[in-house]
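Encoded as structure tokens, the structure appears first; notes follow it.
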Amino acid sequence: MLAVDVEKRLGAFTLAVRFQAAGGVTALFGPSGAGKTTVVNIIAGLLTPDRGSIALDGQALFDAAAGVNVPPHRRRVGYVFQEGRLFPHLSVRQNLDYGRRMSGHPRDEREFARVAALLDIGHLLNRRPRKLSAGERQRIAIGRALLMQPRLLLLDEPLAALDAARKREILPYLVRLRDEARVPMVYVSHSAAELRRIGENIVRLEAGRVAACGGIELLDETETDALG
Amino acid sequence: MFGLSPADWAAVLLSLRVATVATAFALPCGIAVAWLLARKDFWGRVALDGLVHLPLVLPPVVTGYLLLISFGRAGPIGAFLDRYFGIVFSFRWTGAALSCGVMGFPLMVRPIRLALESIDRRIEDAAATLGAGRFLVFLTVTLPLALPGVIGGAVMCFARALGEFGATITFVSNIPGETQTLSAAIYTLMQIPGGDAAAARLVVVAVVLALAALIASEWFARRAGLRFQGE
């Protein structure tokens with residue numbers, strides 16, 4: 001259970017959002033500039049809000065009033081970035097292993113094999129990120145975030161940097177992830193078509209405010225865009 | 001060997017030792033200063049930047065003089081180090097290493113700083129979300145990504161230290177076997193009637209050493225760069 005109630009001023013833009021996310025996929029939906037990425041950066045701890053609180057499973061990650069601000073590396077919140085952000089100097093295997101090494105967990109070959117199978121990346125392990133296609137890179141980024149055993153997974157427009165064919169390639173993996181991984185997810189997208197496939201709960205953001213919360217029926221109120 | 005006398009060899013080996021020690025001690029400081037200048041905005045940043053680059057623009061004799069009055073036995077820092085740590089710089093090879101390190105420092109800081117500035121900070125953010133604290137992010141992401149710059153900086157400092165003359169001879173004089181480096185030995189031989197041939201031999205050694213350092217740096221930098229290209 002994730003409870004977010006934060007305010008943040010960034011120049012002329014003011015973000016003030018309040019929502020809760022239970023299990024499953026919570027989609028942050030809205031046009032560019034609505035503040036979707038700002039919200040996930042705040043949840044991850046990469047950006048500090050001016051006011052408010054963030055709680056995950058009853059633990060305060062941030063609480064301005066109580067002076068709590070857990071640094072990003074202690075939040076155990078996985079983050080899949082729009083551009084992947086793989087480590088260029090490490091192999092795919094080392095990228096996938098990074099979270100486990102940093103948190104000092106013992107090697108878990110079964111979990112590794114399970115995630116590699118889920119994302120179909122077993123044959124890429126010895127390559128360098130440079131040598132991967134955009135779609136492969138994004139699958140590695142998802143695997144890397146999953147293997148740190150996060151309590152919550154943030155996905156910031158994970159398909160936005162991909163062309164239509166690559167989107168169709170990745171989306172089934174994300175659906176599988178939703179159905180099999182049992183990690184609650186916050187999924188950022190501006191594409192209604194994409195969220196119709198993956199979303200469960202929708203939080204619609206507009207100009208830094210929550211405009212509406214509900215099920216995927218919220219997506220119908222906006223104009224339909226084709227997937228890709 | 002190679003027509004060099006034992007005294008010539010002493011000067012060559014001393015130069016190598018001085019340059020190696022100077023680079024080894026300058027490197028951690030160089031990385032720290034480059035990081036501060038690249039990443040932090042603090043009071044005195046401009047002053048630090050200026051101080052680091054001062055040996056580049058000052059006449060070496062002036063740098064040597066300033067080292068002498070601060071790190072000499074009678075100087076405030078020199079007296080302190082001598083009294084509490086037993087470290088003496090004046091007229092010792094350690095002093096030569098200090099002056100060479102100071103002279104090479106700006107050449108070392110610059111490439112490291114540029115490398116640090118060119119790193120995509122968002123990759124460091126990614127590392128933080130994966131559980132790496134700030135120091136681990138630095139060790140596992142920042143430093144490896146800046147490695148070509150670090151190697152380049154270290155080689156520049158080493159090469160500068162190998163050839164340093166003015167600051168060193170001013171600070172620790174020209175004592176054979178102790179502070180007479182390659183450059184000082186060449187200079188000394190040139191003052192002696194009939195020393196030209198011996199000086200020429202040392203000049204060849206200096207050219208070979210400098211070339212070797214350049215080639216080694218190219219090789220290391222290429223290897224480090226290749227790691228990102230995917231090999």
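Keep in mind it's a predicted model, so treat the numbers as computed, not measured.
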message: Keeping A/Arg51 on the side-chain end and A/Ala16 on the backbone end, is there a donor-acceptor pair under 3.5 Å?
response: no
Qualifying ring pair (Phe, Tyr, Trp, His ring centres under 6.0 Å) pairs, either residue in residues 59-86 of chain A, two or more places apart: A/Tyr79-A/Phe81
field: Close approach to chain A in residues 95-123 of chain B, criterion heavy atom under 4.5 Å
entry: B/Arg122, B/Ile123
message: Does the Lys NZ or Arg CZ of A/Arg144 fall within the cation-pi geometry relative to A/Phe87 - under 6.0 Å from the ring centre and within 45° of the axis?
response: yes
message: Could you tell me if the side chain of A/Leu174 sits less than 4.5 Å from the side chain of A/Pro158, heavy atoms only?
response: yes
- line: By residue number, those in residues 14-48 of chain B with heavy atoms under 4.5 Å from heavy atoms of chain A are none
Test: A/Arg114 and A/Glu180 ion pair at under 4.0 Å: no
- prompt: Taking the six-membered ring for Trp, are B/Phe89 and B/Phe171 parallel (under 30°), tilted (30 to 60°) or perpendicular (over 60°)?
  reply: tilted
message: Using only atom types and a distance under 3.5 Å, with no angle test, would you say the side chain of B/Arg92 pairs donor to acceptor with the backbone of B/Glu178?
response: no
- prompt: Is there side-chain contact between A/Gln138 and A/Arg166, with heavy atoms separated by less than 4.5 Å?
  reply: no
- prompt: Can you tell me how far CG of B/Leu145 sits from OG1 of B/Thr140, rounded to the nearest 0.5 angstrom?
  reply: 9.0 Å
task: Output the residues of residues 124-134 of chain B for which the shortest heavy-atom distance to chain A is under 4.5 Å, in residue-number order; output 'none' if no such residue exists.
output: B/Asp125, B/Ala126, B/Ala127, B/Ala128, B/Thr129, B/Leu130, B/Gly131, B/Ala132, B/Gly133
message: Counting only non-hydrogen atoms closer than 4.5 Å, does A/Leu154 touch chain B with its backbone (N, CA, C, O), its side chain (CB onward), both, or neither?
response: neither
field: Heavy-atom side-chain contact between B/Thr94 and B/Val88 under 4.5 Å
entry: no
field: Salt bridge present between A/Asp97 and A/Arg107 (N-O < 4.0 angstrom)
entry: yes
message: Donor-acceptor check, side chain of A/Lys8 to backbone of A/Phe13, threshold 3.5 angstrom: yes or no?
response: no
- prompt: So, does B/Asp82 use its side chain to make a donor-acceptor pair with the main chain of B/Ile87 at under 3.5 Å?
  reply: no
